[in-house]
Asker: 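Dropping the structure in here first, questions after.
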Amino acid sequence: MSKKRKLEAQAGDQVKVGNKTISLEGYLSKKPRKEQATSNNTSGVPNSDQALQTQAPPALQSEAKDEQKSDKNQDTTKPAGDPQFLPIRQALPLWTHQDEIRRILRQHDVLLLVGETGSGKSTQVPQFLYQEKWCQRRRVKVQTNGVTEQVNVGGVIAITQPRRVAATTLAHRVSREAGTSLNGQRGGSDAKGAVVKGLVGYSVRFDHRVPPGTKIKFVTEGMLLQELLRDPHLRQYSAIIVDEIHERSVDVDLLSGFLKQIVSGDKAGRGGIPLKVVIMSATANVESIKHFFSNPDTNTASSSSTREENPTDGIQFLQVEGRQFPVDVIHAPKPIPDIQEALLKTVFKLHTEEPLTDKHGRRDILAFLTGQEEIETAQRLIEEYAATLGPKLPKINVMPLFGQLSMEAQYEAFQPVKGAFTRKIVLATNIAETSVTVPGVRYVIDCGKAKVKQFRPRLGMESLLAKPISQSSAIQRTGRAGREGPGKSYRLYTEETFQGLKKTDLPEILRTDVLGAVLTMKARGIEDVLAFPLMDPPEVESVGKSLLHLHLLGALADDGSITDMGRKMVMFPVTAPYARVLLAATDPKHDCLLEVIDIISCITAGDDIFLQVQSEEIKEEVEVYRKELFRREGDLLTYLTAMQHYAAENTDRAQWCKSRKINMRNMKQALNIRKQIRGLCVREGMMEPAPTDPQPFSPASPDEAAVILKCFLKGFALKTAMLAPDSSYVTSHGKHVVAIHPSSMLHGQKKEAIMFLEHVYTQKNYAKKVSAIQASWIAEALEH
DNA sequence: GAGCACTGC
């Protein structure tokens, strides 16, 4: 029947340190902890699956040379912090490596640390390091434009996170462990009971808590990139810890480039004081990262004359195993033509043959599918099957889980099933691979595909299509079965197919428009963006397209240097075209900045603020309320009306959202963004402080609406289409046929010309966020 | 008539 392979690796039975292997038998017998409440990190390649991969080459296993026999003399650390957390911290796989980590960083500047989920790296590494001598703030002389000045360098460790929640929850956790308060109050106490001041802080968008005395600061990647704009040498910091680098966001890729430049440069901007860099990954697939930080020759910004004075001693490497139960991987014996059928059969087999519970708890099923439609079909089929089950078999409770579901519906998937004699079957998209952890899962069914968004630079549009996943992703999915007890993972594809999958997913920078990345580099002083060190450089053509686009937007001058307008644009937390729209709205002949801010806030707050309505009945009900928001000019003016009504609503905003089926969470986020952008505009002298809410609602006149749309054309002149004689829309740039997406209020309508902010290929070429415009406006917008 | 997942001074 199906091919079975028992995986050998056990739950964290040994740790590789340098070229040694240390047994961890001491606490192996303990039940692995559940997902740490502190760590939002749910990603990471499970240990059990590593046996699937070929043994890492010796070079990868250790470069931590200089191993000493004993480091006791240097060990300055009586463990600091709140003693009540000490036993928990001591049980973490990372705890026994703290001397090792300290020793490496005393002698070297760059360390790559691989530690799987649950190893404790995010919480412990900063605590191991902040008392180090090299971490103290120093007063040094630096030369700025020929003038010598005294500046402070160092004193703080930054830890970057891809997501805000991760940064804030980790900061809370570490602050508690350290026995200090995030508020900077003198509430905490150290081991001796003495009062200590703030030690841990965080800084994320909309939320900053950096108490006096902060030595450990959790930040989002975007935040540190933004700090780089003001402080190119990161003088505030002694060390930067880059966490979750395996997620390979565009921000972390850019950050890595800047860090590489600082580390391998001449350090003159830091008064000769080195910046320590710890790169942390939850997956062992780190060859490209190692290679990137080991080779100074790709670095172009630091002059070659200084290189011999500052030899880079390469990157040090340390791997700490996580803890994970073994998972059996079962591949399909031959290629499967019908995934839905195979899914149903696997569910049937598991449900009838496998016990409902064991000593580790529930034994629920998690299936990874590609999207909402597939999930809903599968749900229907499984429920039909479940209705035929005899009374002796457990009942089945199918829970769909995808991003478009309401928060309450998503929450349901995480709850234990209600009936006692019932098995939960969660049908999820990729949301369950990295973003959330579903408890109780012991069986994983993996369809082997996922929908991915990919930017097509040549067409200036993106596509969203189901594609085969990577091996790393398959391993990740498998690992979801082994978090609470031994599990099984059924892959609905053959082992040959698995071997043929690419090792890792394409990093985001190769999948998205690099427009923002290029502007980021330009604004931070990178003249030749093609020479900037990146782990995975995008195609030259993509970069070229972005340079042209930025030039068209007025962010770059004819010679490619950044303009004053470009410098203003990078300060806004929106993409370059939106920033251009903001600047256009400031122009006295337009003068509609507040309105444009409202619209952009709504759009960038997340998914569509208008929730999808399933049933026809409710739809009719909702339409009655929504009618007053709709504008015939299209989606943008409709967003504006929605925001203005919401801001004017004085009594019950929750009820207001509910009756109109508007996403309250996004609406709140939109208000946050609106406040932030307004603040930036005031700071930049683009407007006077706006009157506070609630303001009475006054609709934009048709003339005002036209002016607003003309502002948007300044950023989106290329994203326009004209109505053709055959009633289709043909893009003015590229002459492609586009259809108005059903989510747009202009769907099915015929207008002379349209402007659209998004252009996505799924079933066909779709234009989203659409507005009706006049054809003459397009040429007008392209004039300078 | 249709919707992978994240995210930013």
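A note on names: the letters A, B, ... follow the listed sequences, proteins ahead of strands, and every chain is numbered from 1.
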Asker: Does NZ or CZ of A/Arg491 lie under 6.0 Å from the centre of the six-membered ring of A/Phe498, at an angle within 45° of the ring axis?
Answerer: yes

Asker: Does OP1 or OP2 of B/dG3 have a side-chain N or O of A/Thr762 closer than 4.0 Å?
Answerer: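 Result: yes.
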
Asker: Choose from B/dA2, B/dC4, B/dG8 the nucleotide whose nearest atom is closest to any side-chain atom of A/Pro742.
Answerer: B/dA2

Asker: The side chain of A/Thr429 lies closest to which of these nucleotides: B/dG8, B/dC4, B/dG3?
Answerer: B/dC4

Asker: How long is the gap from OH on A/Tyr202 to CG on A/Leu170, to the nearest 0.5 Å?
Answerer: 12.0 Å

Asker: Quick one: is A/Arg164 getting a side-chain N or O under 4.0 Å of the B/dG8 phosphate, OP1 or OP2?
Answerer: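 So the side-chain polar atoms of A/Arg164 do come within 4.0 Å of the phosphate oxygens OP1 or OP2 of B/dG8, strictly under.
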
Asker: Whether the side chain of A/Arg626 engages the backbone of A/Lys661 through a donor-acceptor N/O pair (distance < 3.5 Å, no angle test) should be reported.
Answerer: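 Yes; judged by distance alone, with no hydrogens or angles, the pair exists.
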
Asker: Of all the choices, B/dA2, B/dG8, B/dA5, which nucleotide is nearest to the side chain of A/Ile431 once you look at every atom?
Answerer: B/dA5

Asker: Which nucleotide in the set B/dG8, B/dC6, B/dA2 lies at the smallest distance from any side-chain heavy atom of A/Pro573?
Answerer: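 For A/Pro573, the side-chain atoms sit closest to B/dG8.
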
Asker: Between P on B/dC6 and CZ on A/Phe455, what's the gap in Å once rounded to a whole number?
Answerer: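 So the CZ-P distance, A/Phe455 to B/dC6, works out to 22 Å.
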
Asker: Using modelled atom types and a 3.5 Å cut-off, is there a donor and acceptor pairing between side-chain atoms of A/Thr563 and backbone atoms of A/Ala555?
Answerer: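 Such a contact is found between A/Thr563 side chain and A/Ala555 backbone.
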
Asker: Select one nucleotide: of B/dG1, B/dC4, B/dG8, the one nearest the side-chain heavy atoms of A/Thr220.
Answerer: B/dG8

Asker: Whole-Å distance between B/dG3 P and A/His759 NE2?
Answerer: 14 Å

Asker: Is the shortest side-chain N/O distance from A/His741 to OP1 or OP2 of B/dG3 below 4.0 Å?
Answerer: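 Answer is yes, contact under 4.0 Å.
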
Asker: Measure the acute angle between the ring planes of A/Tyr578 and A/Phe712, then classify it against the limits of 30° and 60° as parallel, tilted or perpendicular.
Answerer: perpendicular

Asker: From CE of A/Met571 over to C1' of B/dG8, roughly how many Å is that when rounded to an integer?
Answerer: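 Taking atom C1' of B/dG8 as the reference, CE of A/Met571 is at 15 Å.
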
Asker: Output the single nucleotide from B/dG8, B/dA2, B/dC4 whose closest atom is nearest the side chain of A/Leu464.
Answerer: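 Between B/dG8, B/dA2, B/dC4, the one nearest the side chain of A/Leu464 would be B/dC4.
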
Asker: Using heavy-atom distances to pick each residue's nearest nucleotide on DNA chain B, tell me which of A/Lys764 and A/Leu401 is more 5'.
Answerer: A/Lys764

Asker: For DNA chain B, whose closest nucleotide is more 5', that of A/Lys453 or that of A/Glu616?
Answerer: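 The residue whose closest nucleotide sits nearer the 5' end is A/Glu616.
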
